[in-house]
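Below is one structure, written out as structure tokens; the observations come after it.
In the text below, chain A, chain B and the rest are named by the order of the sequence lines, each starting its count at 1.
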Amino acid sequence: MGSNTTEKALSMLRFLPRVCLSNIRPHPNSRIRDKRGRGQHGGDKHGCGNKGSGQRQNYMRLGYETGNNPFYLRFPHEPYYQRHHLRREYPPVSLLQLLKFIELNRIDHTKPIDLVSVVNTGLYKLLPDQRQYGIQLTDEGADVFNLKINIEVQYATEVVIAAIEKAGGVITTAYYDQHSLQCMLNTKKFFERGVPIPKRMMPPPDAIEYYSDPAKRGYLADPDKISEERLVLAQKYGYSLPEIEKDPSYDMLTERKDPRQIFYGLHPGWVVNLRDKAILKPQDEELLKYYAN
Amino acid sequence: MMSETVPKLRTCLLAIRKFSTAPPKVPVESRQLAFPPKYQKPRQAWLENFDTIEEKKLGIIDLHPEIFAANPRIDIIQENVRWQSLYRYVSYAHTKSRFEVRGGGRKPWPQKGLGRARHGSIRSPLFRGGGVIHGPKSPTPHFYMLPYYSRVHGLTSTLSVKLAQDDLHIIMNLEIPTDEPNFIEELVRSRNWGPSVLFVDDVDIMPRNITAATDKIKHFNLMPVYGLNVYSMLKHDTLVLTRAAVDLLELKLLTSLHKNDVKPCAEKFKLNQV
């Protein structure tokens, strides 16, 4: 737009007849009219050829070789995809993408970053019902990542953890069950439903090891062991660990969610009323007991 | 010869200037663009009065080039017009197949022995009064949704075409002194606005006088900004926008052009979803 072409077209239009309903037309040949042929021979076979399964559309089933031992059964196979429908999937976000989101003001990095803030960019799609369980932070852009952030992801490799901690930030890996993920996908829609924020479930048995491992910065790991592992990683990758204690944004960097908490600042059992801008908290003893543990 | 004609022309021009209705000095009304373009110059248009038959230029205002000097894509305009006329069109043409036509269960004459062609039913498509093969069935909806940006660019293209062809006029507001239709008819005639005129305001409650004056005239129509569409703009020769309508239109279209969450806009109209 604003190019020479546009200017030229607009200045030409000044001397052309008025554009109206009767003189507009599409680009030549842009509409392909897919019509059944008619007439003596035009309607003969409709492109389906003469006789056989092509004409009658009764093809053999896929892989069938008319009595031969079919190719797909001829050799033994390795079950690469066994149980794949039960495995957890973590769609990736790279460090470079994260950097871009922050620099383009899609994410506010002066606050803790979690799945909600990444989903709210509109540039990350998550389908929990297809066993996608959150963000996998990948190491593309690890060399250039230089922002001090407090991020919570669902899966991260050692290099990614090192890149974030080298820049003075902190990373946590945390598990969210499907129900919690559904609440986080469209926060506004969830709050408008007027139901209490659910309790985050504990990870399943095969994931509990990962999320309580201090080397993976799991959210169930002992904080003392995590600070030990931070030092170990710094020595392994050869950088000096920036001291968080003396950092001006110490409060932001040390903010963590409770293992039962889904949203920062909101606890399970609360109801957020967007219209009245009020938060309703449970009073009943039984409810308090339920959400407390 | 030139030395003779140039002074004559000069006197002639002076004489014309004497009879000109334009005020000697036009106050340039400054209009701050809400989102000034970075690389393009704003388009400019006259701001005209609407309360007298004689045209008075009230000033020059800036128009956003992304809206009023966009690439005039005639093909996108045509797509929009086609979509607008098709999406609510339902074809009620209906024909019956050979099995839906009444009768025809009996073999009309024996297979052999008569010297006639063999037939099994008098409602065969070969027969007069027989069924129709692949005929139209009622109701056939023709609804489809044009992609979001085709719709937005359709509007910007049409507005740009209208401005480029001097068919777009901008007025202060729709206030006229009388509710007589003669006034508005005379105004349109004297200003050489096309026979059909579309007046666009920002809200759908228009001043009483213009509503009463244009009520009986079928080729003068009033429309709020939210109803503005490609078909109506092309159907009317001249488009007249109020100052407030220009502001709102620019805001809406720039928002649509630069929004970063366009996905939900398109998703609402997805068809054939399982």
To the nearest 0.5 Å, tell me how far A/Leu13 CG sits from B/Asp166 CG. 11.0 Å

Against chain B, residues from residues 132-143 of chain A with at least one heavy atom under 4.5 Å, in numeric order, are none

I'd like to know whether CZ of A/Arg131 has more than 12 heavy-atom contacts from other residues, nucleotides or ligands below 6.0 angstrom. yes

Pick one of side chain, backbone, both or neither for B/Val161, based on which atoms fall under 4.5 Å of a heavy atom in chain A. both

If we define contacts as heavy-atom pairs under 4.5 Å, which of B/His236, B/Arg43, B/Met233 has the most with chain A? B/Arg43

Please check if atom NZ in B/Lys259 has more than 12 non-hydrogen atoms from other residues, nucleotides or ligands closer than 6.0 Å. yes

Chain B-proximal positions within residues 19-26 of chain A [heavy-atom distance under 4.5 Å]: A/Val19, A/Cys20, A/Leu21, A/Ile24, A/Arg25, A/Pro26

More than 12 heavy atoms from other groups under 6.0 Å of CZ on B/Phe35: no

Mind listing the closest non-hydrogen atom pair of A/Leu10 and B/Pro72 along with its distance? CD2-CG, 3.8 Å

Name every donor-acceptor pair, under 3.5 Å, that has one atom in a side chain of residues 96-107 of chain A and the other anywhere in the protein, sequence neighbours excluded.
from     : atom 1 : to       : atom 2 : distance (Å)
A/Gln97  : OE1    : A/Ser94  : N      : 2.9
A/Arg106 : NH1    : A/Thr121 : O      : 2.7

Assess whether atom CZ of A/Phe145 is packed by more than 12 heavy atoms of other residues, nucleotides or ligands within 6.0 Å. yes

B/Asp75 CG to A/Arg31 CZ distance, which is reported to the nearest 0.5 Å: 13.0 Å

CD1 (B/Ile133) with more than 12 external heavy atoms under 6.0 Å: no

Top of B/Ile74, B/Asp167, B/Asp237 for chain A proximity - count of heavy-atom pairs under 4.5 angstrom: B/Asp237

Crowded around B/His219 NE2? As in, over 12 foreign heavy atoms under 6.0 Å? yes

What residues, two or more places apart in sequence or in another chain, satisfy side-chain contact (heavy atoms from CB on, under 4.5 Å) together with A/Leu185? A/Val119, A/Leu126, A/Pro128, A/Gln182

Measuring from A/Lys8:NZ to B/Asn71:CG, what's the distance to the nearest 0.5 Å? 12.5 Å

Determine whether more than 12 heavy atoms belonging to other residues, nucleotides or ligands lie under 6.0 Å from atom NZ of B/Lys137. yes

